[in-house]
Amino acid sequence: MTHPASSPPPQLSSSAPVIVETAPLSPGQERLIDAEFLRPDGGWPAPGEATRLRPIDTAAIRIDGPLDRDALQQSVSALIRRQHALRTRLHQLPNGTAVQLVADHLPDTITRSTLLADTVVTPEVLAAQTPPTHVDPRTDPLFRAHLVRLGAEQHVLLLQIHHFVSDGWSIGVLYRDLSALYNAALSGRPAQLPPLPRTFAALSRDMHRERRSSEAEASLAYWRQRLAPPRPPLAFTNESAVPYTGLRRVDVVPVRVPPGVVNALRAGARTGHQRGPVAGPFLAALALVLHHQSSSTDIRIGMMISNRARPEAEHLIGYFVNTAVIRLRLHPDQTAAELLGAANAAVNGALKHQALPIQDVAADLRRHAAADGAPLYQVTVALNTMRTGSLTLDGADCLDLDLDRPGLRDAPTRIDQRWVLQEQDRGLVGTLTCQSAAFGPPRIRTCLDNLDRALRSVAEPHRTLAEITASLQPDPRPGVCP
């Protein structure tokens, strides 16, 4: 099926990398390492020891048309020089503190392989072209590129980047930078890219210092008022919870919200002549579905926030993302307009206080007896409406290929539902990841159908929540006899 790789092993320099910058972990990196890399007892894994850390993410871009491989190599090398986060690795100091180290260079050679002409190109075939996807962030490169040749003018570029150094916003930055650098190399002119006055490591130091500022204290007071007193967790099943052992069985299913529904949500949230945001209406509709599944009227959803309010962060690759808790209280006599107003207000408040790490919020609530050990949220939403399209390489047509494979798998998560969506062709596409013990296939299908109904209903301002929930399909709840 494949020919041996036609390129030498990746290397940028014969000399060993030199560390040029050291910084604390960003708050997001801190959460990731605590949740997925460290042992359950909090200890560091030995070199080579298996961990629960998510594998490296792979983006696949089909390129049809002439491709200058030398220009592509130049652009990947320039990208690694420009974005310091791509040269970052995890390190433990002698006192046990975790830090990020930035090297002066990284292996940057694009590895290559060729698929035979009769090969059917599937996600599994493409995945087999790259090195193992499980990496150790202490030793392995966290960014790498591989080019698969399908024909003289048909290629697939596989870009791999680990969550430790990137987030959803970063992928748009990566695509923009790489496109500009390739097109500049092709024409022999400098790339027109915005300057990067600060590095991700430098901003990580800022974020670390700001956690002890007066602004952080004000944000703590805001979240204390929003999230206290504690409430029981959402009960998605009548069965006893299975103790968390570090991994849980989950089911991943595709999600699509049609453009017409998204347009209606934006119209309902419109202010003046400005197109309304979609986050508030989506969260309002999801809250109705969660109420329908759990019977709770106090709904808390963890919303992923870019945490890039500072101008220096806009054009950087890095793991900035934070989680904010959107708390909505539902009453059957509320109208859709009232729920939508509450959701928009909650989102605006979260954006205003987005810089405070969610782990600091949780610790503060415990100190003030405003948390009882129950999770702050069991459902998360990552809604990326800022993502650009695919690569734009002069002389070629580029198309993103979907390598996400739905189905059952084990994942290091305590979350019951995880919604990951991005704007595409004026609609929303993405995935829903559910705990399989509570959400079997029939219940997932009902959930998606009810979300569609709720999304359409919240765009009708005068409908009451009682009317909307009455229009939803019965929830096939586990542990309830038919």
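Because the structure is predicted, anything quoted here is derived from the model rather than measured.
Using modelled atom types and a 3.5 Å distance limit, the side chains of Asp251 and Ser436 yield no donor-acceptor pair. Side-chain atoms of Arg463 and Ser457 include a donor-acceptor pair closer than 3.5 Å. At a cut-off of 3.5 Å, with distance as the only test, a side-chain donor of Asp167 or Ser170 sits close to an acceptor on the other residue.
Residues meeting the salt bridge (Lys or Arg N to Asp or Glu O under 4.0 Å) test with Arg329, sequence neighbours left out: none. Evaluation of the ring-ring contact (aromatic ring centres under 6.0 Å, His included) rule for Phe282 yields no partner, not counting sequence neighbours. With sequence neighbours excluded, no residue forms a salt bridge (Lys or Arg N to Asp or Glu O under 4.0 Å) with Asp404. Taking the side-chain hydrogen bond (donor to acceptor under 3.5 Å, both in side chains) definition, one finds that Arg138 meets it with Asp136, sequence neighbours left out. Every residue was checked against the salt bridge (Lys or Arg N to Asp or Glu O under 4.0 Å) condition with Arg248, not counting sequence neighbours, and none meets it. With sequence neighbours excluded, no residue forms a salt bridge (Lys or Arg N to Asp or Glu O under 4.0 Å) with Glu467. Residues satisfying the side-chain contact (heavy atoms from CB on, under 4.5 Å) criterion with Ser213, sequence neighbours excluded, are Glu210, Glu215, Ala216.
Residue pairs meeting the salt bridge (charged side-chain N to carboxylate O under 4.0 Å, His left out) criterion with at least one member in residues 49-62, sequence neighbours excluded: Glu36-Arg54, Arg39-Glu49, Arg62-Asp64. Evaluation of the ring pair (Phe, Tyr, Trp, His ring centres under 6.0 Å) test over residues 444-475, restricted to residues two or more places apart or in two chains, returns none. Here salt bridge (charged side-chain N to carboxylate O under 4.0 Å, His left out) pairs that include residues 197-208, with residues two or more places apart or in two chains, are Glu21-Arg205, Arg198-Asp206, Arg198-Glu312, Asp206-Arg209. Sorted pairs that involve residues 331-351 and meet ring pair (Phe, Tyr, Trp, His ring centres under 6.0 Å), not counting sequence neighbours, are lacking altogether.
Of the inter-residue distances, the one linking Thr469 atom OG1 with Leu330 atom CG reads 9.5 Å to the nearest 0.5 angstrom. In this structure, the separation between SG on Cys434 and CG on Leu448 is 7.5 Å, given to the nearest 0.5 Å.
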Below 3.5 Å, can you tabulate the donor-acceptor pairs from side chains in residues 373-382 to any protein atom, sequence neighbours excluded?
from: Gln378; atom 1: OE1; to: Leu234; atom 2: N; distance (Å): 2.6
from: Gln378; atom 1: NE2; to: Leu234; atom 2: O; distance (Å): 3.0
from: Gln378; atom 1: NE2; to: Asp416; atom 2: OD2; distance (Å): 3.2

